[in-house]
2 protein chains.
Amino acid sequence: MGASLEDVRAANLSLVLRHILVQPGTISRAAIATQAGITRATVSRLADELVSAGLVHELAPSSETGRGRPGIPLGPRPGMAIGLGLEINISYISACAIDLTGEVLSLKTIHGDFAGTKPDAVMADVAELGGRVLAAAQAKSPVDNPLFVGSGLALPGLVSSDALMLAPNLGWRDLPMASLLGPLTPLDPVVVANEADLAAFAVANPRPGVPNGPASFIYVSGEVGIGAGIIINHNPLSGAHGWSGEIGHICVDPAGPTCSCGASGCLEAYLGLRALASNAGMPEGSTADEIVEAAHRGSLRAQAAIADGGAALGRALAAVVNTVDIPEIILGGIVASIGDDLLPAVRDELRARVLQSAWSNPEVRIAGNPANLAVIGAAHRTLERLVVDPIIWTARPD
Amino acid sequence: MGASLEDVRAANLSLVLRHILVQPGTISRAAIATQAGITRATVSRLADELVSAGLVHELAPSSETGRGRPGIPLGPRPGMAIGLGLEINISYISACAIDLTGEVLSLKTIHGDFAGTKPDAVMADVAELGGRVLAAAQAKSPVDNPLFVGSGLALPGLVSSDALMLAPNLGWRDLPMASLLGPLTPLDPVVVANEADLAAFAVANPRPGVPNGPASFIYVSGEVGIGAGIIINHNPLSGAHGWSGEIGHICVDPAGPTCSCGASGCLEAYLGLRALASNAGMPEGSTADEIVEAAHRGSLRAQAAIADGGAALGRALAAVVNTVDIPEIILGGIVASIGDDLLPAVRDELRARVLQSAWSNPEVRIAGNPANLAVIGAAHRTLERLVVDPIIWTARPD
DNA sequence: ATGGTTTGTATCAGAACAAAACAAATAAAA
DNA sequence: TTTTATTTGTTTTGTTCTGATACAAACCAT
């Protein structure tokens, strides 16, 4: 479609808001103008618009002394715009509400075993949980009528825009979006995406609208299944249908064990939680921590299982890096808990197999805070919609 | 940077030009207006600008009869804007000149063995060849003073914006762009990219500025080495440094033969031309066609080599598809010549190993016209710069 | 011929940013 | 203490876009 003058204003409004979010409470209109390359006059007009919409407010002048008239620091108004994140995973469902400052206003998790459950019942539970979290957030917010931006739903599976195709470990399949999201209608609009992709989004955007995280990285997430979210130059790589990052079924050894997907030697057949436990000679249902503990206590089988898993992960990641050229890998989920023991094997494989390794060998590190990353990412994603196009929200009826 | 009114005009100018390029010689100002969602008045102004810059011209009214005043068909002016493509490969160097209509005005190739050559000597040869091709194109052009847009250089290796890191089969390494491109200065500005990426670009854009090809696909290219160019939703996936698509070194079997890169079981160790010949029990230097012929004549070793190569390719591509979610694969280069014999094994592996295969099994097909795709893509890429931002070229001194 | 219809252009109004001038608030200097 | 310099935020004016509207041009059908 053709561009119009309104698009210019929308783009600049978003730009101003972004600059405020990046340096909340410390940046003045004039500073935004110089940093963003717009006139002070224009910034002033746009900033006033954000202020009068309530998204941004003026703070008390900082004591920081300087020459000339001191600027008025701008910052996001706490509790004004609320995004809701929802997550369904194998062993829990959870919901969290976050505002534009990035503060988690409310976060609740219900543990349980959701493998093989009925989608509509679980969705109703999630809707109820989300409603409670939203209510708690609104109650906590200092703002009278907070703006509910919408919700994001993280699922462990292949999600396209019109249906959930497959969530193998939940046992869910071929659910049209409309019926799946039915129970969530009070929380509309809902954005649905893969859990690993949203966790990666959270890493890339430590606060809503602030792409301060690493520019390009692979976030590896996993419990029973292994998935990944890929960010390239601050942009999520979602693929043609939104099904990117399914690294759990990369073939690591064609002579390897049969995977639950039917193929042989998938990464998941080495590093998935069930496979890992079985390879370590431990009872089904063992946790990652128990396996690590067994290895540290001297179990040779556990040590071998972890070493094999690390080599498998390294080989799979080498394929990914050769394919999409990414300089950093962040391990999350259960992979993070085993991480320290996996790292040597992973790094060895990467060094040997990545063509670019002599110039830019990918760094591998363990996520600092893997807990709740996916729900948080889901909430950030809904807020991102506001940051990208604040013009919708600034034109409020009054 | 902030958006200004000029950006709106630039965007719309590009949009109008794109619509003209998509339906050359058949589209009128009014049709562009309705299709692009801009006013007739605005389209008229922008189109006139393109006409007065010489990029577009008005054609004779078509005989196609309709109600009301007939529109004036617009089309790109043949021979006006010329982009130059250059390519260095193992067994040839070539250059081609293309105009905005997509017509190849001149194309010359010099065959030879460029493995282990000296970069500066080869670059000088390429510059000379490019100069001759450009001169021939300018002579052939019906326009008095054609616009030279710039050149694009396709290389078989890892190219970043500041250096050619590695071109294994040329034996080139760590060449800073400045010194590499020195001999090409008369052909500035030069865009450098990987050969497979540019071939994929040519497939995605059958004519300059016309993204009419498949929306998302992987183009597999290969001679001695195997590489790929990946397009997602009409956009090239270039990775963090521009080194994406190095699928030749995806591990296909950790117990497999040692590759020239030092690792074991790389795809290239099965499907690279040298590996294929050796596995087929044929003399070094055999061509792909000779190996196929041997297999058809009944050589079991050749048949096995091809089957193994197909399985290896399928396994590697499955990893790629699981990672980046692409619904179509196009085989080019020598892989295209063996293609018919590879397809069954490739498809089997994909069906078994791609998680999404039940919903969207990637189609595999052989490129229709693999010859010269990379040079053509290089030329298209330089012309793309004009199409994306024609404002630079419409503001000519007069 | 005449009317209807579509195209292309000309004119004007509106919207947004840029440039410049100005008022306000502070620190530094006299 | 007063003055000056400096920086901020706002106001005013000018420029440059697109959109809306009106109109002339060119064709078909009656």
Side-chain angles (χ1 to χ4, degrees), chain A residues 1-16 19-20 23 26-52 56-74 389-391 394-395, chain B residues 1-16 19-20 23 26-52 56-74 389-391 394-395:
Chain A
M1 283 300 121
S4 69
L5 297 182
E6 197 181 339
D7 299 328
V8 177
R9 178 157 146 273
N12 285 334
L13 195 63
S14 171
L15 192 65
V16 169
H19 277 269
I20 294 173
Q23 300 155 17
T26 67
I27 196 169
S28 68
R29 294 169 171 83
I32 295 171
T34 54
Q35 286 178 27
I38 331 181
T39 330
R40 285 208 308 275
T42 301
V43 171
S44 215
R45 210 168 353 97
L46 296 173
D48 288 350
E49 215 161 318
L50 293 170
V51 168
S52 73
V56 166
H57 65 174
E58 303 187 333
L59 301 170
S62 93
S63 58
E64 184 178 302
T65 174
R67 272 278 264 244
R69 171 176 167 178
I72 305 169
L74 298 172
D389 195 8
I391 206 167
T394 50
Chain B
M1 281 302 122
S4 68
L5 297 181
E6 196 181 338
D7 298 329
V8 176
R9 177 157 148 273
N12 285 333
L13 195 63
S14 171
L15 192 64
V16 168
H19 277 269
I20 294 173
Q23 299 155 19
T26 67
I27 194 167
S28 68
R29 292 171 173 83
I32 295 172
T34 54
Q35 287 179 27
I38 331 182
T39 331
R40 285 210 307 276
T42 301
V43 171
S44 215
R45 215 162 349 98
L46 295 174
D48 287 351
E49 213 161 321
L50 292 171
V51 168
S52 73
V56 165
H57 66 173
E58 303 188 333
L59 300 170
S62 93
S63 57
E64 183 178 300
T65 173
R67 276 276 262 247
R69 171 176 169 178
I72 305 169
L74 298 172
D389 196 9
I391 206 167
T394 51

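Per chain, numbering begins at 1; letters A, B, ... match sequence-line order.
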ask   = Could you go step by step and tell me if B:I27 and B:Q35 meet the side-chain contact (heavy atoms from CB on, under 4.5 Å) rule?
value = CA-CA 10 Å; B:I27 194 167; B:Q35 287 179 27; 3.9 Å; yes

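- Within the structure, a side-chain polar atom (N or O) of A:T42 is placed less than 4.0 Å from OP1 or OP2 of C:dA18.
- Side-chain nitrogen and oxygen atoms of A:T39 include none within less than 4.0 Å of the OP1 or OP2 phosphate oxygen of C:dC17.
- Applying the 3.5 Å distance criterion, the base of D:dG9 shares a donor-acceptor pair with the side chain of A:R40.
- Residue A:I72 has its side chain nearest to D:dG9 when only D:dG9, C:dG8, C:dC17 are considered.
- Between A:S4 and D:dG19, a side-chain N or O to OP1/OP2 separation shorter than 4.0 Å is absent.
- No engagement by A:G2 is indicated, since no non-hydrogen atom pair under 4.0 Å with the nucleic acid exists.
- The side chain of A:I38 lies closest to C:dA18, out of D:dG9, D:dC17, C:dA18.
- Between B:R45 and the phosphate of C:dA10, there is no side-chain N or O to OP1/OP2 separation shorter than 4.0 Å.
- Using a 4.0 Å cut-off, some side-chain N or O of A:N12 falls inside it from OP1 or OP2 of C:dC17.
- Side chain of A:L5, nearest nucleotide from C:dT9, D:dT18, C:dT7: D:dT18.
- Distances shown here put a side-chain N or O of A:R9 below 4.0 Å from the OP1 or OP2 atom of C:dA16.
- Looking at B:R69, its side chain comes within 3.5 Å of the base of C:dT7 through a donor and an acceptor atom.
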